[in-house]
Amino acid sequence: MITNTDVLIVGAGPAGSTLASLLADRGIETVIVDRARFPRVKPCGETLNPGTLRLLDEIDLLDKVAAGKPALINGWQFANGTERGAVGMYMEGKHGFGMPRRDFDSILLCETRRRGVRVLEGNYVSSITRRKPRGFDVNCREDGGVLRTIRAQFVIGADGLRSIVSRRLGMVGRNSRLRKFSITCRLRGIAPNSVGQLHVTNDYTVGLAPVHETEPLWNGTVVLSSHGWRRTTNVKQVYESCLSRVTSNWVEKPDIVGGPWTSGPFDRPVQAVAARDALLIGDAAGYFDPLTGQGVFQALRTAQLAADAIESVRSSKAVQTREFAAYGRQVRREQRWTRVFQRSVNAVLSGERSRRIALRQLGKRTAYMDRLVQFAGDDLSIGGLARLDLLVRARRTA
């Protein structure tokens, strides 16, 4: 069975679904495949920052996502273990959402179908072969059974951290240096406030965020280093031990009502995000660490940039080379300061002394802490942040 299309997108998460919708709006024939069947659980922090909400509004999806009853998140509290630490708030009138990813992803995929995109769930990509003079033959197996060949002019890797597209096309980078793993559960409980929480220690990090407008439901994610992960024999027991240490002040102690779900490692470098006739978007385009919660924003933004590039290159091979290379440069340019910020935050919070100094100072400089949270929320430019002097000084002590 052979299916012909202009664009094949591998991965139906936020990056793939958004790109498929944008291409459908521009009249570009698109097929999207995913090995999972939706709705499906996605282990992550389940937050959408203010920058993500802005992008959703630009592509006419914000109202549909808001109808899913997400929780409003106005800021984040950073703590050195059980200590209070520092609190940063988003700009006045701005907020993020907390929402289960199975709901968010399903909303985006439903909209993709509504716009006329063919979606093939339960299809595992087994091989990707280049055709001459251009294009690909991609073989998929539906739930391990029926073999289907999809013939496409362009292939887009939107298939996450361990992207088969990047691996098959030789776009992967060096081996991961930062090896962190996560355990995520759905919690029910009542916290002292509704801001997101990040509790960091030498051994683990606990992130807590509300995920429903009216129900006291939370995302609780524990992140461990590879050393801590190797010592883990009972995932749920380790999770409960870490959680109990940081929720002692909750009005109603959280109960686990879903999970645990695991994920990682997170550091996934790539050599390039653009090839002659292929692009990587979302997590497949490179990912460092989920600590700052910017993954969904980058998924939607790379989808926007990829849609512009694909629309420009449908007719000319010469233009194709130039435009796809321009996509790669634009992604690197836009993510440059984000990567610097993410690595600085990781370095500062990984050291007990640097973490204590930074959070103590940020607790006194609330305006600066607000700006850091706003930058992490993709709602403030590097110019608006002014200087990362506090982070840089603290990083040197790490």
Side-chain angles (χ1 to χ4, degrees), residues 1-13 15-17 19-20 22-24 26-35 117-142 144-175 268-287 299 302-303 305-332:
M1 181 188 305
I2 297 179
T3 301
N4 291 284
T5 187
D6 292 332
V7 180
L8 171 65
I9 301 173
V10 181
S17 293
L19 176 57
L22 292 173
L23 294 178
R26 303 176 193 204
I28 301 174
E29 187 179 12
T30 304
V31 173
I32 184 168
V33 301
D34 198 295
R35 65 187 302 174
V117 176
R118 186 176 183 185
V119 179
L120 302 175
E121 300 179 54
N123 275 261
Y124 173 79
V125 173
S126 57
S127 67
I128 303 175
T129 306
R130 287 190 181 275
R131 302 177 65 243
K132 294 182 179 180
R134 62 168 63 179
F136 296 90
D137 280 344
V138 179
N139 289 328
C140 306
R141 286 195 179 275
E142 184 172 1
V146 178
L147 179 65
R148 179 196 311 270
T149 298
I150 302 175
R151 186 161 291 171
Q153 183 179 359
F154 307 115
V155 167
I156 310 300
D159 46 342
L161 297 175
R162 282 156 290 283
S163 166
I164 191 170
V165 175
S166 66
R167 286 184 279 125
R168 290 288 189 268
L169 300 183
M171 302 170 77
V172 294
R174 59 170 171 76
N175 290 331
R268 307 296 294 190
V270 296
Q271 290 183 348
V273 298
R276 184 185 65 190
D277 39 17
L279 299 175
L280 302 179
I281 62 175
D283 291 351
Y287 196 62
T302 52
L305 295 175
D308 291 340
I310 293 168
E311 185 179 30
S312 300
V313 305
R314 280 189 297 168
S315 59
S316 168
K317 185 177 179 180
V319 173
Q320 176 177 324
T321 303
R322 184 174 69 242
E323 292 296 334
F324 275 25
Y327 164 82
R329 291 193 298 272
Q330 182 73 9
V331 170
R332 288 193 298 273

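In this structure, L120 and I150 have side chains that are in contact, with non-hydrogen atoms separated by less than 4.5 Å. With a 4.5 Å cut-off on side-chain heavy atoms, V31 and V117 do not count as touching. Contact annotation: the side chain of R35 never approaches that of E121 to less than 4.5 Å [non-hydrogen atoms, C-beta and beyond]. Residues R148 and E142 form a side-chain contact, since some pair of their non-hydrogen atoms from C-beta on lies under 4.5 Å apart. L279 places none of its side-chain heavy atoms less than 4.5 Å from the side chain of V273. Using a 4.5 Å heavy-atom threshold, the side chains of V172 and V270 count as separate. Within the 4.5 Å cutoff, the side chain of Y327 has heavy atoms near those of the T302 side chain. A heavy-atom distance below 4.5 Å is found between the side chains of I2 and N4.
The pair D137-R131 meets the salt-bridge criterion, with a side-chain N (NZ, NE, NH1 or NH2) lying under 4.0 Å from an Asp/Glu carboxylate O. Ion pairing of R26 with D308 is present here, as a side-chain N (NZ or NE/NH1/NH2) and a carboxylate O approach within less than 4.0 Å.
Considering only residues two or more places apart in sequence or on other chains, D159 meets the side chain to side chain donor-acceptor pair (under 3.5 Å) condition with S163. Annotation: salt bridge (charged side-chain N to carboxylate O under 4.0 Å, His left out) contacts of R332 (sequence neighbours excluded): none.
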For this session: Step by step, work out the side chain to side chain donor-acceptor pair (under 3.5 Å) result for N139 and T149.
Result: CA-CA 4 Å; N139 289 328; T149 298; 2.6 Å; yes
Problem set entry | V138 vs V155, side-chain contact (heavy atoms from CB on, under 4.5 Å): CA-CA, chis, key distance, verdict | CA-CA 9 Å; V138 179; V155 167; 3.9 Å; yes
For this session: Check the pair V165, I156 against side-chain contact (heavy atoms from CB on, under 4.5 Å), reporting the backbone distance first and the verdict last.
Result: CA-CA 8 Å; V165 175; I156 310 300; over 6 Å; no
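Of all heavy-atom pairs between R276 and P133, the closest is NH2-O, 4.0 Å. Heavy-atom minimum distance, A307 versus L22: CB-CB, 3.9 Å. Contact between I32 and A12 at its shortest, heavy atoms only, is CD1-CA, 3.6 Å. Minimum heavy-atom separation, V125 to C140: CG2-SG, 4.0 Å. Minimum heavy-atom separation, E29 to T5: O-OG1, 3.1 Å. Minimum heavy-atom separation, Q153 to V313: NE2-O, 4.4 Å.
Annotation: F154 is in aromatic contact with F324 [ring centroid separation under 6.0 Å].
Between the side chain of R151 and the backbone N or O of F136 there is no donor-acceptor pair closer than 3.5 Å. A donor-acceptor pair is defined here as one N or O able to donate and one able to accept, closer than 3.5 Å; no such pair exists between the side chain of T30 and the backbone of V7.
Rounded to the nearest 0.5 Å, atoms CD1 (I310) and CG (D277) are 11.0 Å apart. Remark: S312 OG to E323 CD distance equals 4.5 Å, nearest 0.5 Å.
Remark: of the listed residues I128, T3, V33, V33 is the sole one forming a side chain to side chain contact (heavy atoms under 4.5 Å, CB included) with L8.
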